[in-house]
Amino acid sequence: MALDLNTAIRKRRMYREFEDRPVSREDAAALVWAAGRAQQARPGTRHLIVVDDPGLMKTARTVLAGLTRMKVPMMLVLCSDISNPSVDCAAGRDRSTWMDAGAACAHIALAAQDLGLGVCTIAGWTQSAVRALFEIPDHLRPDVTVVVGYPLTTQNMRPVSGAKYRPAVHYNEFGIPFEQEA
């Protein structure tokens with residue numbers, strides 16, 4: 001049964017503990033599809049690497065700092081093609097590819113909820129380590145990794161609520177509070 005968008009947003013979490021079972025190729029394809037439907041200011045720049053080889057995942061846990069304590073069955077590596085002429089990295093205006101990667105991560109997280117999967121976005125690694133481990137060519141920049149699996153049901157997951165999860169919202173200029181109508 002498909003989740004409605006508001007329920008999916010409310011239930012979305014970053015999971016750090018997963019069951020020891022593989023993610024199906026069909027579910028992986030659904031996550032790739034979702035990532036492909038995210039905004040992309042610079043068409044033709046997004047590349048995804050689906051990683052589910054157990055040996056490679058084990059190596060990733062030893063080499064990539066953000067994964068050292070996580071046992072996960074699958075990972076998506078989101079990369080941007082920085083050789084694409086529409087990406088102006090030299091002038092420091094490549095922020096659109098970072099935003100696009102973030103949008104793809106959000107789509108992946110929401111699609112995962114619908115599939116009964118959990119995700120955690122990981123950026124605690126060096127580009128050189130990710131490049132070497134997954135044989136990423138120089139013209140691609142690894143932006144973010146998303147680990148994917150079936151969340152352990154024993155995780156102590158409290159509902160996301162309260163002031164610490166609300167952004168500071170200003171109205172028209174900084175310092176003027178945005179008052180929401182009740």
Return all side-chain donor-acceptor pairs below 3.5 angstrom for residues 59-66, not counting sequence neighbours, or 'none' if the list is empty.
from, atom 1, to, atom 2, distance (Å)
T59, OG1, G55, O, 3.1
T62, OG1, T59, O, 2.7

To the nearest 0.5 Å, what is the distance between [atom1] on [X] and [atom2] on [Y]?
X	Y	atom1	atom2	answer
F134	L56	CZ	CG	5.0 Å
S24	D52	OG	CG	10.0 Å
T145	I122	OG1	CD1	5.5 Å
R141	H47	CZ	NE2	12.0 Å
L140	E135	CG	CD	13.0 Å
S83	D138	OG	CG	10.5 Å

Salt bridge (charged side-chain N to carboxylate O under 4.0 Å, His left out) with R21: which residues, sequence neighbours excluded? E19

Is it true that F178 and I176 fall in one hydrophobic cluster, defined by side-chain heavy atoms closer than 4.5 Å? yes

So, do [X] and [Y] sit near enough that their side-chain heavy atoms are less than 4.5 Å apart?
X	Y	answer
M57	V51	yes
M70	V147	yes
K71	D20	no
W33	H107	no
C79	L48	no
L76	L31	yes
W125	P142	yes
V77	V50	no

Quick one: closest heavy-atom pair of [X] and [Y], and the distance?
X	Y	answer
G118	P151	N-CD, 3.5 Å
V23	G149	CG2-CA, 3.9 Å
P22	P73	CA-CB, 4.0 Å

Chi angles and distances behind the side chain to side chain contact (heavy atoms under 4.5 Å, CB included) call for R46, D100: CA-CA 8 Å; R46 183 177 296 143; D100 292 350; 3.5 Å; yes

Within the distance-only criterion (no hydrogens, no angle test), does the side chain of R131 pair as donor or acceptor with the backbone N or O of T126 below 3.5 angstrom? no

CA sep, side-chain torsions, deciding dist, call: D27, Y150, side chain to side chain contact (heavy atoms under 4.5 Å, CB included): CA-CA 11 Å; D27 286 348; Y150 295 93; 3.3 Å; yes

Derivation of the side chain to side chain contact (heavy atoms under 4.5 Å, CB included) call for C105 and L78: CA-CA 9 Å; C105 287; L78 285 75; 4.3 Å; yes

